[in-house]
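Written below as C-alpha cells is the structure these notes are about.
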Amino acid sequence: MLDMLMMAAGAPEASGEVIRWSELGFSPGIDLGFFQLRYYSLAYLIGLIFAYWHTSQMIKAPGAPMAQIHVDDLFFYCTLGVILGGRLGYLFFYEPALLTDFSGDGFISWRALRVWDGGMSFHGGLAGVVAAIAFVSWRAGLPFLRVCDYISVNVGVGMLLGRLANFVNGELWGRVASADLPWAMIFPTDPQQLPRHPSQLYQAFGEGLMVLVVMMSLFWLTRARFRPGLLVGVFTALIAIARFTVEFYRQPDAQLTKLAENTGLSMGQWLTIPLLILGLGLVIYALRRPAQASGKSSLTAKPTVKGAPPKIDS
C-alpha cells in the first residue's frame, strides 16, 4: 500500500538510491493568479464538504438520530470546532510561545492568529468537534453519543487528505531512516539533510485510509449504528493505535524533542493514550448494551403545534 502511495506521489521505484523530495516536482499550492490555494487548506475544505455530503446520505438509512437541518448545523459548528480547536490545541500542547509572539509580518503580527503559517493539532481539532457536537445535540435534543457515531464515520477522509497535503508540502517528516530503505527521503527543510521516513504517508494510510475503510464498512455493511457508542469507540481506538504507532517514525517537534528523549514517548503519543482508553471503554459499553433500533427509521414526526418543527425520537 505504501508503494502505491509513493507511485501516486510521483516517486521513483525502489532502486537503493535515496529519494530527494525536492525532485518530485511538488508545488506549494494551486496558483489561481490572484491567490494561491494551499493544499492543506484544500484538504480541510474537501474533507468538510465530503463529511457534509456523506452524513446527508447516512441519515437517509434506517435508524438515523437526526434530520437534515441538524446536519446543516453540525457542518457549520464542526467547521469552527476543527479550526479553533486545532489551533488552540497546537498553541497549548505544542508551541505555547506563539501566544506571546508578535513578530509576524503583515497586518496580523500576533503569531497565535497566523494559522496560515502552519500549526494545527489533531487532538485539539478533535476536542473542538466534540464540543460542537455537544452544543448542537444539546440545543436540538439529540442523542449525543449517536450523533458522535455518525460524525466519526467521516473523519478518515479529512485525515487522509491532510496527511497527503503534509507530504506534498514537505513538512512534518519522519525520523532518520536507513539509506537502504527504498522509500527513504531527504527533505529540503531538514537541516541535517539525512534520509528520513516519509511518516506523512504512514499517517495517511493508518489514520486516514485504514480508518475510512473500517468505519465505512461498519456503517454500511453491519448494524453497528444501532449500538450507541460503538462506531465512535472503534474510531477513537483505531486512530489512537495508528497515531501511537506512527509516532515512532515521526520526528518530534523541535521544541518537544527533550520530552521525547526524557520520557521515551512524544507529545502526540502521550495525548493519544487517553484516547485509546476512552475508545476501548466506549466499545465495551456499546457491546454490553442491547441494540436500540429494529431497523425502522427513528425520524417519526409526532403531532405538533402548527408551524413548530416536528419532534424526533432518539
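Under the 4.5 Å side-chain heavy-atom criterion for Ile, Leu, Val, Met, Phe, Trp and Tyr, Val71 and Leu145 are members of distinct hydrophobic clusters.
For the residue pair Ala286 and Pro228, the shortest heavy atom distance occurs at CB-O, 3.4 Å. Residue Leu265 comes nearest to Gln269 through the heavy atom pair CA-OE1, 3.3 Å, listed as atom of the first residue, atom of the second, then distance. When all heavy atoms are compared, the tightest approach of Thr263 to Leu259 is OG1-O, 2.7 Å. Of all the heavy atoms in Ala165 and Ala43, the pair that sits closest is CB-CB, 4.2 Å.
Considering CG of Leu276 and CZ of Phe244, their distance stands at 8.5 Å, rounded to 0.5 Å. Here the straight-line distance linking atom CZ of Arg196 with atom CD1 of Ile186 works out to 10.0 Å at 0.5 Å rounding.
By the 6.0 Å contact criterion, CG on Leu99 is enclosed, its count of non-hydrogen atoms from other residues, nucleotides or ligands being greater than 12. Within 6.0 Å of CZ on Phe93 lie no more than 12 heavy atoms contributed by other residues, nucleotides or ligands.
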Quick one: side chains of residues 73-86, donor-acceptor pairs under 3.5 Å with protein atoms, not counting sequence neighbours, listed by atom name and distance.
unit_1, atom_1, unit_2, atom_2, d
Asp73, OD2, Arg139, NH2, 3.2
Thr79, OG1, Phe75, O, 2.6

Throw together a table of side-chain donor-acceptor distances under 3.5 angstrom for residues 205-220, partners on residues two or more places apart or in other chains.
unit_1, atom_1, unit_2, atom_2, d
Glu207, OE2, Gln203, NE2, 2.9
Ser217, OG, Val213, O, 2.7
Trp220, NE1, His54, NE2, 3.1

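No donor-acceptor contact under 3.5 angstrom links the side chains of Asn154 and Tyr52, judged on distance only. At a cut-off of 3.5 Å, with distance as the only test, a side-chain donor of Thr189 or Trp173 sits close to an acceptor on the other residue. Ser199 and Gln251 are not linked by any side-chain donor-acceptor pair at a separation below 3.5 angstrom, with hydrogens and angles left out of the test.
Applying the salt bridge (charged side-chain N to carboxylate O under 4.0 Å, His left out) rule to Lys60 yields no partners; only residues at least two apart in sequence or on another chain are considered.
A salt bridge is absent between Arg225 and Asp149: the closest approach of a Lys/Arg side-chain nitrogen to an acidic carboxylate oxygen does not fall below 4.0 angstrom.
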